Amino acid sequence: MKTQLRHLIDDDVASLTAAANDRAISPSLRNGFPTPYTQSHAEYFITVASRKASDLVLAIIDSSTPTTILGIISLLRSKPADPTVLELGYWLNPRYWNQGIITRSIDQILHFKSPIIPTMFRAEALVSVTNIGSSKALIKNNFKRDALLRNHNEKDGERRSDCHLYSKTIDQNSPPDTAFVRGNFVHSKENGELEILMDHLMEIDLLSGCIVTFEPADVSTFSSLHYLYKSPTSSDFITPGFIDCHVHAPQYSFAGTATDRPLMGKEGWLESYTFPSERRLSDQNLATKTYSKVVKRLLREGTTTACYLATIHLNSSLILADQCEKFNQRALIGKVNMDQNSPPDYIETTEESLANTETFIKQIQGRDSFKNGNIFPVITPRFIPTCSKALLSGLGRLAKKYDTRVQSHISESVDEVAFVKSLGYEETDAEIFQNYGLLKNSIQAHGVWCSKDDLGLMKENNAGIACCPLSNVYFASGILDLNICEEVGVNVGLGTDVSGGYSPSMLNSQRTAVVTSRVSNFSKEKESIDYKKAFFLATLGSARTLHLEHLVGNFVIGKRFDAVCWSVEGGGGGVDVFDGDTPEDIVQKILTNGGREDIARVFVNGKDC
Ligand code: GUN
Ligand code: FE
């Protein structure tokens, strides 16, 4: 084995390094790789060092210092079949490595297992002795250190750092690391457009939950595959999971009630129902009960990612993260901040608010679920009225220090805008957030009363709007003008705003978005949104708004498999299918008349929820 590697190094390292230097990928490879591989990546560069009859060698090269070879994977196949570089490419997709650190990429690569390599093979990695992170990752993955290769590339006169050789034998007969989903898929790639892909086969890496391959089903391969899910009939469809951009987890306990008040004021909705109800969640048992219910409910309704607001309590907010991990929901979670204009028994000091927020962020960012892209912290000034200037500026500093997302409510209703003015501000909500460093990368609920300039400022700051059509009807005295948002180019996603919005269903949110858009455009010449646009907003639009487009939102290779499997056959739910219904008719029926009874399965990260 050592001889084999020496041979490989002597023969190939020089050419490999040269290839890295001019960043050339051989034309055949370039053609073979799907789009992501043809781009030059910020941090890593992949090339093929050797494609002999008996082996396939891939090197991972740090593109910032292209002469540093971080690792070589040599796949010595027991059967000399033509290596399908394309499939290997999927496994080496840098999009997997979304955290951008080499230990993670090595980790991912070491779990490489593909049906194209028939039985046993040996995986090798050559790692610079100074690359401690990669060495640790290898050892964690049961690689053994075989040899120290000193100054291995003396030929060209340049000294390179010494390397360790690690290796391990991988048995393809051990339980599979990938599984398949077969069915009719529907997703959006652009605003307002549905792509319907009938009878397709998708391969999913069970470890990462990433989509590995996705193509029309080929009858010859069916029987031998390990399936995660197979659509029972041709009238069933698989959509990306819905992404709720704005939902108050503690308020789920009174969803469907308390619909009789305006937002603000002594007798208003916040003071009468919301603050007392949120305050009770200082009780951690109650928080556990409430949060397990809301997470399970949202998953049942097909929401695979939620951007949650919790309460002001640190420990209960962490419990919400625990529940999302437990029930396998992807989530952005914010501990709410309020240090003024709040009831005496539901308020924090500025110092407490900042200290607990920092602890919350550090706690979440330390979790594996954060590193895996499942759970994220969000800085959450409730809205401008409840946050002092000292708090806003402290939160702006934390957002910068920890590079986190921010969420809040922005120009939500006429009474909220008036309240902000009464506090002495001359700026709009968007300008205030901007002044305190809280607009950048933020997710802002409502925005019904944002001016076109405000929307432009949001776009400049990569901020997006969580449009909450149902609660807008109750609180905003208006609806968000999606035409203007589109014109300005600001990202928009959909939210339920439970419980200002009474329904936890993102289907309801989509339908309300369509209905309110139509009503608001009755007397105008403007175009209203239809079910396709609403579906886009609830999936890819929301993914963009939450800055999660690299992970979710549609079915693209390298993204996670977060999906809802709809099964309408038999009419037990809200949809009846008739002869002559086209695939698009059925999809429209599901999105317009379907409900939770039509959901057969929900997946997050390739795992059943
Ligand atoms: N504005 C400030 N807090 C809230 C809330 O909890 N719900 C809604 N809809 N608007 C808010
Ligand atoms: Fe809200």
Side-chain angles (χ1 to χ4, degrees), residues 244-266 268-281 290 294 298 306-313 317 320 332-343 346-348 378 380-387 391-392 406-420 423 429 432-433 438 442-450 464-480 493-504 506 509 512 542 545-546:
D244 188 337
C245 281
H246 184 81
V247 46
H248 296 260
Q251 296 175 18
Y252 181 54
S253 59
F254 66 93
T257 69
T259 53
D260 60 336
R261 309 280 167 98
L263 182 70
M264 308 291 290
K266 264 271 147 276
W269 180 84
L270 285 172
E271 291 277 353
S272 309
Y273 306 116
T274 307
F275 294 156
S277 164
E278 290 190 13
R279 187 191 65 231
R280 285 195 281 278
L281 292 204
T290 308
V294 69
L298 262 59
C307 185
Y308 285 115
L309 297 88
T311 61
I312 63 173
H313 316 106
S317 301
L320 176 55
L332 279 63
I333 299 163
K335 183 210 100 62
V336 169
N337 302 103
M338 310 163 57
D339 72 341
Q340 65 174 28
N341 296 316
S342 307
Y346 190 52
I347 191 165
E348 334 157 86
V378 200
T380 309
R382 177 171 210 120
F383 64 160
I384 287 161
T386 58
C387 300
L391 179 55
L392 292 173
V406 173
Q407 66 178 340
S408 192
H409 298 84
I410 197 167
S411 302
E412 170 177 8
S413 60
V414 174
D415 49 4
E416 182 266 338
V417 171
F419 195 95
V420 171
L423 295 175
D429 283 8
I432 298 166
F433 284 125
L438 291 166
S442 66
I443 302 129
Q444 300 287 357
H446 309 288
V448 172
W449 300 102
C450 282
I465 293 191
C467 173
C468 304
L470 189 54
S471 70
N472 285 347
V473 170
Y474 284 82
F475 294 142
S477 329
I479 76 141
L480 180 69
L494 274 191
T496 57
D497 198 16
V498 159
S499 289
Y502 56 76
S503 170
M506 282 293 287
S509 187
T512 313
S542 282
T545 303
L546 298 185

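Computed from heavy atoms alone, side chains included, the values below leave out hydrogens, waters and symmetry copies. Every number for a ligand or one of its atoms is a count from 1 in the order of the listing. No experiment lies behind these values; they were computed from the predicted model shown.
Counted by atom type alone, Gln407 and Thr380 present one or more donor-acceptor pairs between their side chains at under 3.5 Å. Remark: the Asp244 side chain and the Thr496 side chain contain an N/O donor-acceptor pair separated by less than 3.5 Å.
Here the side chains of Asn337 and Leu391 are in contact, with some heavy-atom distance below 4.5 Å. The shortest distance between side-chain heavy atoms of Phe433 and Ser442 does not fall below 4.5 Å.
Below 4.0 Å from some heavy atom of Leu263 lie the following atoms of ligand 1, by number and element: 10 (N), 11 (C). Of all the atoms in ligand 1, the ones that sit under 4.0 Å from a non-hydrogen atom of His248 are 5 (C), 6 (O), 7 (N). Shown in contact with Phe475 at under 4.0 Å from a heavy atom are these atoms of ligand 1, numbered in order with element: 9 (N). If you number the atoms of ligand 1 from 1 as listed, the ones under 4.0 Å from a heavy atom of Phe383 come out as 1 (N), 2 (C). For ligand 1, the atoms lying closer than 4.0 Å to a non-hydrogen atom of Gln251 are 5 (C), 6 (O).
Taking the ring-ring contact (aromatic ring centres under 6.0 Å, His included) definition, one finds that Phe383 meets it with nothing, sequence neighbours left out. Evaluation of the ring-ring contact (aromatic ring centres under 6.0 Å, His included) rule for His409 yields His246, His248, His446 as partners, not counting sequence neighbours. Partners of Tyr474 according to the side-chain contact (heavy atoms from CB on, under 4.5 Å) rule, which considers only residues two or more places apart in sequence or in another chain, are Thr259, Leu470, Tyr502.
Nearest non-hydrogen protein atom to atom 1 (N) of ligand 1 is Glu412 OE1, 3.0 Å. When only non-hydrogen protein atoms are considered, atom 9 (N) of ligand 1 lies nearest to Asp497 OD2, 2.7 Å. Counting only heavy atoms of the protein, atom 3 (N) of ligand 1 lies nearest to Arg382 NE, 2.8 Å.
With a 4.0 Å heavy-atom cut-off, ligand 1 is reached by the side chain of Trp269 but not by its N, CA, C or O. Contact annotation: for Leu270 versus ligand 1, heavy atoms closer than 4.0 Å belong to the side chain alone.
Ordered by chain and number, His246 NE2, His248 NE2, His409 NE2, Asp497 OD1 make up the set of protein N, O or S atoms under 2.8 Å of the Fe ion (ligand 2).
One finds the OG atom of Ser253 at 7.0 Å from the CZ atom of Arg280 (value rounded to the nearest 0.5 Å).
The shell of residues lying under 4.0 angstrom from ligand 1, judged by heavy atoms, excludes Glu416.
Remark: side-chain polar atoms of Ser509 are paired, donor with acceptor, to backbone N or O of Gly495 under 3.5 angstrom.
Scanning all heavy atoms of the two residues, the minimum distance from Leu320 to Ala310 falls at CD2-CB, 4.0 Å.
Under the side-chain contact (heavy atoms from CB on, under 4.5 Å) rule, Cys387 has a single partner from Ile432, Leu438, Leu392, which is Leu392.
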